[in-house]
Amino acid sequence: MDRLHSDPSFLICPDFMIERYRISRTSMVTANVTEAQAADTLRTIWTTTNKALCLQWAEQVAEDTRLADEEKHVAKEEAERLQVAQQLEEDTLKADKKKKNRLKHLEIPMRPRPFTNDEEALVSEFALRKLDKGHYVELYYWTNDGLDDAVTNYRTHDDDSMVPTIGEDGSTVWISSAASKPSGGVIADRDLTPANFAQAIPRIVNALEERDWAPQRVIMLARFWGAIMLHRYWNSRDLIAQKTILLFQEEQHRAWHHAISSAKGAWNIAIIDEQALSLTFDRMYRALLLRPEMTKPDTQVRKL
């Protein structure tokens with residue numbers, strides 16, 4: 001059906017008796033149809049045709065209105081979609097900027113300055129990340145020297161630089177560069193002085209609690225370290241005994257962490273394995289005997 005370009009209701013039926021329509025009239029004249037009757041027939045045909053065109057026009061207007069409303073609806077949805085996409089892009093850019101400058105965007109609570117003490121010192125991000133993953137970490141990071149080292153190596157510039165690493169599920173995880181590097185001056189547990197060891201224990205136990213470690217594991221480790229410092233080797237005047245108990249602590253602590261994820265599982269580390277401790281003493285004794293300075297006449301090594 002051809003599209004109408006104007007409203008046919010505004011058309012006026014012509015006078016079919018005028019000269020302009022003479023040929024149309026005379027072609028319809030017969031013995032039984034006069035010229036006037038032919039004009040009436042033409043008028044009837046025009047009127048019927050005009051009514052059909054008016055109906056077509058009404059349907060055409062209704063369809064045009066429907067299509068226009070649909071186009072407006074689609075355009076509105078597209079505009080809303082573009083607005084949401086633009087807002088999402090802006091939010092993503094803002095989030096990225098906050099990540100790059102997170103210290104500037106950290107929310108500060110409206111409160112008085114909280115009470116602080118020496119126990120709330122800055123701890124190495126590397127050590128804390130180890131705790132978060134449940135891995136073994138040296139006690140050095142909680143000694144006075146370790147805390148001082150964390151403060152010294154703290155960087156206010158480029159502090160938010162990120163490096164990729166592998167997460168627990170094998171996916172790539174981005175962490176701060178400070179959390180990926182151990183301290184350059186870290187001291188193994190076996191080489192700590194008793195004073196440094198005693199400094200670290202209450203601090204690391206507090207850190208374990210703050211990092212949401214299972215209470216059973218926190219208590220187990222606290223009792224283990226307590227048993228270490230109450231053992232006769234700890235207070236012995238014998239140098240080998242002192243070194244043995246520190247070496248034993250390190251080896252047992254490290255082995256316990258490794259065993260947690262093994263098929264056999266870990267054990268109650270708070271129970272001191274005297275047999276393993278005795279074997280550790282023997283190893284330490286033999287190692288010291290092989291050292292050149294221990295072969296001097298005035299050097300005495302006493303085996304407990």
Please step through side-chain contact (heavy atoms from CB on, under 4.5 Å) for the pair Leu246 and Trp234, ending with a clear verdict.
CA-CA 8 Å; Leu246 288 170; Trp234 182 265; 3.8 Å; yes

From [X] atom [atom1] to [Y] atom [atom2], the distance as rounded to the nearest 0.5 Å:
{"X": "Phe10", "Y": "Asn50", "atom1": "CZ", "atom2": "CG", "result": "11.5 Å"}
{"X": "Met17", "Y": "Arg22", "atom1": "CE", "atom2": "CZ", "result": "12.0 Å"}
{"X": "Tyr136", "Y": "Trp256", "atom1": "OH", "atom2": "CH2", "result": "12.5 Å"}
{"X": "Lys133", "Y": "His257", "atom1": "NZ", "atom2": "NE2", "result": "13.5 Å"}
{"X": "Thr143", "Y": "Ile187", "atom1": "OG1", "atom2": "CD1", "result": "6.5 Å"}
{"X": "Glu251", "Y": "Leu279", "atom1": "CD", "atom2": "CG", "result": "10.5 Å"}

Is there a donor-acceptor contact under 3.5 Å from the side chain of [X] to the main chain of [Y]?
{"X": "Arg25", "Y": "Phe16", "answer": "yes"}
{"X": "Glu138", "Y": "Val186", "answer": "no"}
{"X": "Ser278", "Y": "Gln275", "answer": "no"}
{"X": "Gln252", "Y": "Gln249", "answer": "no"}
{"X": "Gln199", "Y": "Tyr140", "answer": "no"}
{"X": "Gln60", "Y": "Leu4", "answer": "yes"}
{"X": "Arg203", "Y": "Leu139", "answer": "no"}

Are more than 12 heavy atoms, taken from residues, nucleotides or ligands other than [X], located less than 6.0 Å from that residue's [atom1] atom?
{"X": "Gln216", "atom1": "CD", "answer": "no"}
{"X": "Ile23", "atom1": "CD1", "answer": "no"}
{"X": "Arg43", "atom1": "CZ", "answer": "yes"}
{"X": "Gln83", "atom1": "CD", "answer": "no"}
{"X": "Glu89", "atom1": "CD", "answer": "no"}

Ring centers of Phe281, Phe248 separated by less than 6.0 Å:
no

Minimum heavy-atom separation for [X] and [Y], please, with both atom names.
{"X": "Ala270", "Y": "Met220", "result": "CB-O, 3.6 Å"}
{"X": "Val33", "Y": "Gln37", "result": "CA-OE1, 3.2 Å"}
{"X": "Glu250", "Y": "Asp189", "result": "OE1-N, 3.4 Å"}
{"X": "Ala127", "Y": "Tyr141", "result": "CB-CG, 3.6 Å"}
{"X": "Ile272", "Y": "Ile228", "result": "CD1-CD1, 4.0 Å"}
{"X": "Ala222", "Y": "Val205", "result": "CB-CG2, 4.1 Å"}

With a 4.5 Å limit on heavy-atom distance, are the side chains of [X] and [Y] in contact?
{"X": "Asn268", "Y": "Arg223", "answer": "no"}
{"X": "Ile269", "Y": "Trp267", "answer": "yes"}
{"X": "Ile204", "Y": "Trp225", "answer": "yes"}
{"X": "Tyr285", "Y": "Thr244", "answer": "no"}
{"X": "Met284", "Y": "Thr280", "answer": "no"}
{"X": "Gln86", "Y": "Leu82", "answer": "no"}
{"X": "Leu221", "Y": "His253", "answer": "yes"}
{"X": "Asp149", "Y": "Asp145", "answer": "no"}

Give a yes or no on whether a salt bridge exists between [X] and [Y], defined as a side-chain N under 4.0 angstrom from a carboxylate O.
{"X": "Arg129", "Y": "Asp132", "value": "no"}
{"X": "Arg66", "Y": "Glu70", "value": "yes"}
{"X": "Asp64", "Y": "Arg3", "value": "yes"}

Between Phe224 and Ile219, is the side-chain contact (heavy atoms from CB on, under 4.5 Å) condition met? List the steps.
CA-CA 8 Å; Phe224 168 64; Ile219 293 173; over 6 Å; no

Can a side-chain donor-acceptor contact be found between Gln242 and Asp238 if the only test is distance below 3.5 angstrom?
no

Please determine whether residues Ile245 and Ile271 belong to a single hydrophobic cluster, defined as Ile, Leu, Val, Met, Phe, Trp and Tyr linked transitively by side-chain heavy-atom distances below 4.5 Å.
no

So which pairs with a foot in residues 29-77 pass ring pair (Phe, Tyr, Trp, His ring centres under 6.0 Å), sequence neighbours left out?
none

Show your reasoning for whether side-chain contact (heavy atoms from CB on, under 4.5 Å) applies to Val74 and Glu71.
CA-CA 5 Å; Val74 172; Glu71 288 179 0; 5.7 Å; no

